Amino acid sequence: MSEASAKSAAIVHDLPVPARESETHWGSDAIAAMLREMGITYIALNPGASYRGLHDSLVNYLGNRAPQMLLCLHDETAVHIAQGHFKASDRMMAAALHSNVGLMHASMPIFNSWCDRAAVLILGATGAWDATKRRPWIEWIHTCSDQGQLVRNFTKWDNQPGSVTAALEALLRAAQLAQTAPRGPTYVNLDVSIQEEKLDTLPKLPDPARYAPPLSAQAPDTLVQAAAKLIAQAKNPVMLAGRCSRNIDAWNARIALAEKLDIPVLTHIKLPAAFPTDHRLHAAPPGNRLVPAVRKLLAEADVILSLDWLDLAGSLKQALGDKPVSAKIINVSCDAHVHRGWSMDYQALPPVDIYMMCEPDAVVPQLLRAVAPRKAAAPLAPSPALPAPPANEVTIAGVGAALRVALKDADYCISRLPLGWNGAYLPFRHPLDYIGFDGGGGVGAGPGITVGAALALKGSGRITIGLCGDGDFIMGNTAVWTAVHYGLPCLMIICNNRSYFNDERHQEHMAVARGRPPENRWIGQRIGDPDLDLAAMARAQGAVAIGPVERVADVQDAVNRGIATVREGNVCVIDMRVAPGYDAD
């Protein structure tokens, strides 16, 4: 990276007063130094006394650099920033949570990260486990037996080390496991006594290179050849491009494989971009539900190549109903390594004929070498043209149209999409154009994930844009302060329908099914009387705020101004008053 690029990528640094030289060290100094050796660049946190020792070491021993702290106004934001950073970079960062209360606050974003298969290193802390060393009252209520149990069902590993040297090993193991596919969050709980232990000498730090995560496993040649043979014999094969990395070489390999096979490809709106959505082989815009044309495509397929597809059995059921699956299924996924008994995020069990328990990024090049070129019997029918947005009301479709105009020839990263977004509104032509949903459906994730993506992409020239629902923004809006404080340019467009509208639809469904008045669906759902000034919330945290935008004539100008604001290095939030209703399922 050039000096100019490094400067543009740097974030605002809260510079500490230099500490005086000292031969005295503390347990937390070793822990902080280990984080630096491990390459942890940032640690997002909401402060707490349970890790005051580590906090001091990060500031006064390391100088608040590598890792640099990102102060957050809520524990949830800290984890969501780390999740968003991983989603946009495939690089792990850390988040710190205060005792049991911070962990309880952040349990939802940890679950989101788990379902999203996002590597996040979570550091926790607890009052002294030795009861004779606890401060009265506060360290008793902030100490609990087996604190990691709170999140054990949705973390890959947790540990409460009993010594400083054990803490160093725990950090290395946590990082290794978090970054080993299938990736996910890990949790290390640091006893305050370990952090504040006075050390005669600083222990020798292990070399993190010797504890790195393993390289992705390769599929056995026999399975690769069997899959290549199946595809060669297929008349109507389909590729499902699911969980894949942000690596551009892997992206290009998927395109090369699809083109060599002349095979239609589907992508998932809940997952990051895995294939260019305006490519001739991309069969239909990604959506929350399979449209009729896609259901037909899957129902008629004789071979389905699934690259770690999210909910493969569910998609087959949408296409076939209760009919048996006659197509041969080639499943490339190692996700079963984290399937557990508590969370059902693994979805229904699909039938599989060839099972390669590897990451798609590893197997696609193997398949590319093994398959013979193939020509489809008939070209794909082009997707129908998008209808023009309504001229009399602001809609999600209108916001999409305005973004298409404003982002022409620009590099962008969509960090969040609202429910009802049609996958055809914006093309995804690069693995960073779209980084997927929140993973676990935890409302409030959008702002923090957007800030984390902006952190990862700062200095890249790519514009980070999160399209949040109003409920999503209301719950997570304090992430705006962190973005402003640390100079992380991003645009949040709030698709504000003044309602928890998804639940309005559920209540309407229930009322109709029970023969009751569907007109009552709004009660306990609508956000009004008083109306919330979401732009004022953003403005109060130092962001440039636009809106409320209520007229169709003002939508394009608002979007243009928002993008210009981000290009200037600022944070912008637009309160876009969209009509209730979804443009797509």
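Keep in mind that what you see is a predicted model, and the values were worked out from it rather than measured. For the numbers below, each heavy atom of this structure counts, side chains included, while hydrogens, waters and symmetry mates do not.
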Subject >> Listed once per pair and sorted, the salt bridge (Lys or Arg N to Asp or Glu O under 4.0 Å) pairs that draw on residues 302-316, sequence neighbours left out >> reply: Arg243-Asp308
Subject >> Audit row: Asp221, Arg369, salt bridge (Lys or Arg N to Asp or Glu O under 4.0 Å) steps and yes/no >> reply: CA-CA 11 Å; Asp221 285 341; Arg369 291 189 294 270; over 6 Å; no
Original post:
Are Gln83 and Asn112 close enough that a side-chain donor and a side-chain acceptor fall under 3.5 Å?
Top reply: no
Subject >> Asp322 side chain near Lys317 side chain, heavy-atom distance below 4.5 Å >> reply: yes
Original post:
So how far is it from Arg374 CZ to Gln233 CD, rounded to the nearest 0.5 Å?
Top reply: 12.0 Å
Original post:
Looking at Ala362 and Ser216, what are the two nearest heavy atoms and their distance?
Top reply: CB-CB, 4.0 Å
**OP:** Would you indicate whether the side-chain heavy atoms of Lys328 and Ile304 approach each other to under 4.5 Å?
**Re:** no
Original post:
Between Pro286 and His268, is any pair of side-chain heavy atoms under 4.5 Å apart?
Top reply: no
Original post:
Side chains of Asp335 and Ser333: donor-acceptor distance under 3.5 Å anywhere?
Top reply: no
Subject >> Ion pair check, Asp158 and Arg152, cut-off under 4.0 Å >> reply: yes
Original post:
Step by step, would you call Phe154 with Ser113 a side-chain contact (heavy atoms from CB on, under 4.5 Å)?
Top reply: CA-CA 9 Å; Phe154 42 96; Ser113 300; over 6 Å; no
Subject >> 4.5 Å side-chain heavy-atom contact, Leu305 and Val238 >> reply: no
**OP:** Taking only Lys NZ, Arg NE, NH1 and NH2, and the carboxylate oxygens of Asp or Glu, determine whether Asp503 and Arg505 approach each other closer than 4.0 Å.
**Re:** no
**OP:** Would you tell me whether Asp411 and His430 have side-chain atoms, one donor and one acceptor, within less than 3.5 Å of each other?
**Re:** no
Original post:
Between Lys375 and Asp262, is any pair of side-chain heavy atoms under 4.5 Å apart?
Top reply: yes
**OP:** Identify whether the distance between the nearest side-chain nitrogen and carboxylate oxygen of Asp90 and Arg183 falls below 4.0 Å.
**Re:** no
Original post:
Do the non-hydrogen side-chain atoms of Ile354 and Asn331 ever get within less than 4.5 Å of each other?
Top reply: no
**OP:** Please work out which of the three classes, parallel, tilted or perpendicular, describes the rings of His282 and Phe275, given edges at 30° and 60°.
**Re:** parallel
**OP:** Not counting sequence neighbours, list each pair that qualifies as a salt bridge (Lys or Arg N to Asp or Glu O under 4.0 Å) and has a residue in residues 270-279.
**Re:** Asp278-Arg429
Subject >> Close side-chain approach of Cys468 to Pro447, heavy-atom, < 4.5 Å >> reply: yes
**OP:** List the atom of Ala274, the atom of Gly242, and the distance in Å for their closest heavy-atom pair.
**Re:** CB-O, 3.7 Å
Original post:
Do other residues, nucleotides or ligands put more than 12 heavy atoms under 6.0 Å from the CZ atom of Arg295?
Top reply: yes
Original post:
Have Trp114 and Thr155 got a donor and an acceptor in their side chains that come within less than 3.5 Å?
Top reply: no
**OP:** Quick one: closest heavy-atom pair of Cys490 and Ala454, and the distance?
**Re:** CB-CB, 3.9 Å
Original post:
Which pairs count as salt bridge (Lys or Arg N to Asp or Glu O under 4.0 Å) when at least one residue sits in residues 412-425, sequence neighbours excluded?
Top reply: Arg416-Asp438, Arg416-Asp472
Original post:
Does the side-chain contact (heavy atoms from CB on, under 4.5 Å) test come out yes or no for Cys413 and Tyr434, once each step is laid out?
Top reply: CA-CA 5 Å; Cys413 174; Tyr434 174 56; over 6 Å; no
Subject >> Val79 side chain near Leu97 side chain, heavy-atom distance below 4.5 Å >> reply: yes
Subject >> For Glu504 against Ser499, the heavy-atom pair lying closest together >> reply: OE2-OG, 2.5 Å
Original post:
Which pair of non-hydrogen atoms, one from Ala175 and one from Leu121, has the smallest distance, and what is that distance?
Top reply: N-CD1, 4.5 Å
Original post:
Does a salt bridge link Asp433 with Arg246, judged by any charged N lying under 4.0 Å from a carboxylate O?
Top reply: no
Original post:
Should Leu298 and Leu290 be marked as a side-chain contact (heavy atoms from CB on, under 4.5 Å) after you check the CA-CA gap, both sets of side-chain angles, and the distance that decides it?
Top reply: CA-CA 10 Å; Leu298 283 179; Leu290 303 183; 3.7 Å; yes
**OP:** Of all the heavy-atom pairs spanning Cys358 and Ala217, show the shortest one and how long it is.
**Re:** CB-O, 3.6 Å
Original post:
Using 30° and 60° as the class limits, which term best fits the ring planes of His339 and Tyr346: parallel, tilted or perpendicular?
Top reply: tilted
